[in-house]
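Presented below is the structure to which this report refers.
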Amino acid sequence: GSPWKHLNLTWSLRTERPSGLETGGVRRELARALDVWAKNSKLTFHEINSDAADILISFHRGYHGDGYPFDGRGQILAHAFFPGSDRGGDAHFDEEEEWTLDSSGNDDGTSLFAVAAHEFGHSLGLAHSSVRGALMYPWYQGITEDYELPEDDKHGIQQMYG
Ligand SMILES: CC(C)C[C@H](C(=O)NO)C(=O)N[C@@H](CC(N)=O)C(=O)NCc1cccc(N)c1
Ligand SMILES: [Zn+2]
Ligand SMILES: [Zn+2]
């Protein structure tokens, strides 16, 4: 997709206690996922409490009004829209996944940090990568605590927002 025309992006979590998780912990993991991209580009991200944010983040189950219904636990975990107005940049997460806020890899849940970092790549305009090990590779691979963005993803984001 085409990149955002401004570098100082706003974001807002629009679901209270998604999947029963503590709201503060969810916001922390989302902020860490955005920081993966901020550290490798000129992008900055500011959290606001408003539906007017560039990147609106919400959790849903099944059909939720955008033609891309979720499918219960497993398979599709989340999706995000390329940059643009209205739902452009927004990221939706499947409420029915076993989300974990523990991104150490010790927990066998699905790391919200890992999936969010991938989804925000789409929110910023990156499509899937064929490079195994890339964050934008189509298939989930848990990622470590002090995560370093792989080369392929670094190239992608710097081409757009370097
Ligand atoms: C066709 C898309 C709506 C699939 C969807 C996706 O890529 N969302 O961005 C998705 O949930 N993909 C799964 C894999 C699948 N079941 O198709 C996934 O693990 N994506 C998130 C992810 C997380 C972390 C790393 C990577 N590489 C991928
Ligand atoms: Zn959706
Ligand atoms: Zn994806």
Side-chain angles (χ1 to χ4, degrees), residues 1-70 76-97 99-101 103 110-129 134-138 140-143 147-150 152-162:
S2 59
W4 293 97
K5 302 212 178 352
H6 59 292
L7 293 173
N8 56 333
L9 298 171
T10 54
W11 66 278
S12 183
L13 170 64
R14 309 312 292 159
T15 305
E16 281 290 317
R17 295 191 61 79
S19 306
L21 295 165
E22 210 275 318
T23 309
V26 171
R27 289 174 43 236
R28 183 191 66 237
E29 293 302 290
L30 295 173
R32 282 192 333 107
L34 286 165
D35 196 45
V36 165
W37 297 105
K39 278 194 292 213
N40 290 279
S41 68
K42 290 182 182 141
L43 290 163
T44 62
F45 299 99
H46 296 279
E47 183 182 15
I48 62 174
N49 182 10
S50 162
D51 273 327
D54 296 311
I55 299 173
L56 295 179
I57 299 152
S58 50
F59 288 66
H60 307 274
R61 61 184 63 226
Y63 287 87
H64 55 279
D66 62 9
Y68 304 98
F70 285 134
I76 305 245
L77 306 175
H79 54 231
F81 297 92
F82 284 143
S85 55
D86 303 323
R87 73 183 193 190
D90 294 357
H92 297 164
F93 295 80
D94 191 341
E95 176 91 34
E96 295 186 273
E97 303 302 338
W99 296 111
T100 176
L101 301 182
S103 50
T110 302
S111 161
L112 178 61
F113 168 71
V115 177
H118 173 89
E119 296 311 324
F120 294 148
H122 293 313
S123 300
L124 297 173
L126 290 177
H128 282 153
S129 165
L135 178 56
M136 296 314 293
Y137 189 68
Y140 176 75
Q141 38 215 339
I143 64 185
Y147 184 65
E148 182 68 27
L149 191 63
D152 184 66
D153 307 289
K154 271 188 189 166
H155 293 150
I157 200 70
Q158 278 165 10
Q159 261 155 28
M160 287 193 296
Y161 308 102

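Here, residue 1 is the first one in the sequence, and each next residue gets the next number. What you are looking at is a predicted structure, and each value in this text was computed from that prediction instead of being measured.
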So which atom in [X] and which in [Y] form the shortest heavy-atom distance, rounded to 0.1 Å?
X    : Y    : answer
D94  : R61  : OD1-CA, 4.4 Å
I157 : S41  : CG1-CB, 4.1 Å
S19  : E97  : OG-O, 4.4 Å
A33  : A116 : CB-CB, 3.7 Å
A134 : D152 : CB-OD2, 3.8 Å
S111 : Y140 : N-OH, 3.2 Å

Review point. Any side-chain donor-acceptor pair under 3.5 Å between H79 and D66?
Key: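 The answer is yes; a qualifying pair exists.
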Review point. Donor-acceptor pair, Y161 side chain versus W4 backbone, under 3.5 Å?
Key: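 At least one qualifying donor-acceptor pair exists.
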Review point. Between T15 (side chain) and S58 (backbone), is there a donor-acceptor pair under 3.5 Å?
Key: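 Side chain of T15 to backbone of S58: no pair is present.
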Do [X] and [Y] have side-chain heavy atoms sitting under 4.5 Å apart?
X    : Y    : answer
H118 : Q141 : no
I57  : F120 : yes
R14  : N49  : yes
L9   : W37  : no
V36  : R32  : no
L101 : V26  : yes
Q158 : K42  : no
F45  : D35  : no

Exercise for review: Any pair with a residue in residues 80-91 that passes side chain to side chain donor-acceptor pair (under 3.5 Å), sequence neighbours left out, goes on the list, sorted by first then second residue, please.
Suggested key: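 Sorted result for residues 80-91: empty, none.
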Point to revise | Residues K39 and E148 bridged, charged N to O under 4.0 Å | key: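 No, K39 and E148 are not salt-bridged.
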Report the distance from atom [atom1] of [X] to atom [atom2] of [Y], rounding to the nearest 0.5 Å.
X    : Y    : atom1 : atom2 : value
D54  : L124 : CG    : CG    : 10.0 Å
R17  : L21  : CZ    : CG    : 8.0 Å
E119 : L77  : CD    : CG    : 8.0 Å
H92  : I76  : NE2   : CD1   : 13.5 Å
R27  : E47  : CZ    : CD    : 4.0 Å
T23  : E16  : OG1   : CD    : 4.5 Å

Check your understanding: Do the two ring centres, one from H60 and one from F70, sit under 6.0 Å apart?
Key ->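 When the ring centroids of H60 and F70 are compared, they turn out to be at least 6.0 Å apart.
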Review point. What is the ring orientation for W99 with F93, classed by angle as parallel under 30°, tilted 30 to 60°, or perpendicular over 60°?
Key: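 Perpendicular, since the angle between the ring planes exceeds 60°.
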Exercise for review: Please name all residues satisfying side chain to side chain donor-acceptor pair (under 3.5 Å) with Y137, sequence neighbours left out, ordered by chain then number.
Suggested key: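 Residues passing side chain to side chain donor-acceptor pair (under 3.5 Å) with Y137: R132.
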